[in-house]
Amino acid sequence: MKQTKRRHIPYTKFKAYLDECGVQQKHVAEMLGKSPSAFNQNLNGTGGDFSIAELRVLCENFKISADDYFLRPEVSNKKL
């Protein structure tokens, strides 16, 4: 089995949020103006990271905090 190299830690909390809310990844990809494949790679840590502009769109549309869903606690000022 081929091991996929991750570029960053997967966004498992945001992925779980989407599942719980019944939001399809295809819908979120369209919201960001990217392909479902590119969004999935961002989400799973195998592609590039989300941009600041993309995080703004996600947080505004889903009414969530970047601190809670995208930042690691050890680098978040909100948690200090």
Side-chain angles (χ1 to χ4, degrees):
M1 183 182 337
K2 183 179 176 185
Q3 184 80 9
T4 303
K5 184 175 181 182
R6 297 198 187 279
R7 294 181 178 190
H8 60 84
I9 297 170
Y11 296 109
T12 53
K13 190 170 181 181
F14 184 61
K15 191 173 182 179
Y17 171 83
L18 295 177
D19 285 342
E20 289 172 14
C21 294
V23 178
Q24 294 182 348
Q25 290 184 21
K26 178 182 175 184
H27 171 73
V28 183
E30 290 171 358
M31 182 188 307
L32 297 176
K34 55 176 45 181
S35 71
S37 174
F39 174 72
N40 186 270
Q41 289 176 350
N42 292 137
L43 196 61
N44 290 316
T46 57
D49 216 340
F50 290 110
S51 70
I52 297 296
E54 290 172 334
L55 290 179
R56 282 189 189 116
V57 169
L58 294 173
C59 291
E60 288 174 8
N61 279 281
F62 292 107
K63 308 293 188 243
I64 60 174
S65 166
D67 275 334
D68 292 336
Y69 288 91
F70 299 101
L71 298 179
R72 295 188 318 259
E74 66 269 18
V75 297
S76 172
N77 285 334
K78 180 180 175 186
K79 306 292 183 198
L80 295 177

Check the pair Tyr69, Tyr11 against side-chain contact (heavy atoms from CB on, under 4.5 Å), reporting the backbone distance first and the verdict last.
CA-CA 7 Å; Tyr69 288 91; Tyr11 296 109; over 6 Å; no
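- For the pair Pro36 and Lys26, the minimum side-chain heavy-atom distance is below 4.5 Å.
- Rounding to the nearest 0.5 Å gives a distance of 4.5 Å between CG of Asn61 and CE of Met31.
- Closest heavy-atom contact between Ala66 and Cys59: N-SG, 3.5 Å.
- Atom OG of Ser35 sits about 11.0 Å away from atom CD of Glu30, to the nearest 0.5 Å.
- Between Phe50 and Phe39, the ring planes lie tilted relative to each other; the angle falls in the 30° to 60° range.
- To the nearest 0.5 Å, atom OG1 of residue Thr12 and atom CG of residue Asp19 are 11.0 Å apart.
- Side-chain atoms of Asn42 never come within 3.5 Å of backbone atoms of Gly47 as a donor-acceptor pair (strictly under, hydrogens ignored).
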Lys15 and Asn44: CA distance, side-chain angles, deciding distance, side-chain contact (heavy atoms from CB on, under 4.5 Å) verdict
CA-CA 9 Å; Lys15 191 173 182 179; Asn44 290 316; 2.9 Å; yes
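- Checked by atom type and distance alone, the side chain of Tyr17 never pairs as donor or acceptor with a backbone atom of Ile64 at under 3.5 Å.
- Put simply, the side chain of Phe62 does not reach to within 4.5 Å of the side chain of Cys21, judged on heavy atoms.
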Could you check Asn40 against Thr46 for side-chain contact (heavy atoms from CB on, under 4.5 Å), going step by step and ending with a plain yes or no?
CA-CA 8 Å; Asn40 186 270; Thr46 57; 5.7 Å; no
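- Once rounded to the nearest 0.5 Å, the distance linking CG of Leu58 with NZ of Lys63 reads 12.0 Å.
- The closest donor-acceptor contact from the side chain of Lys13 to the backbone of Asp68 lies under 3.5 Å.
- Annotation for Gln24: atom CD does not count as buried by contact number, only 12 or fewer foreign heavy atoms lying within 6.0 Å.
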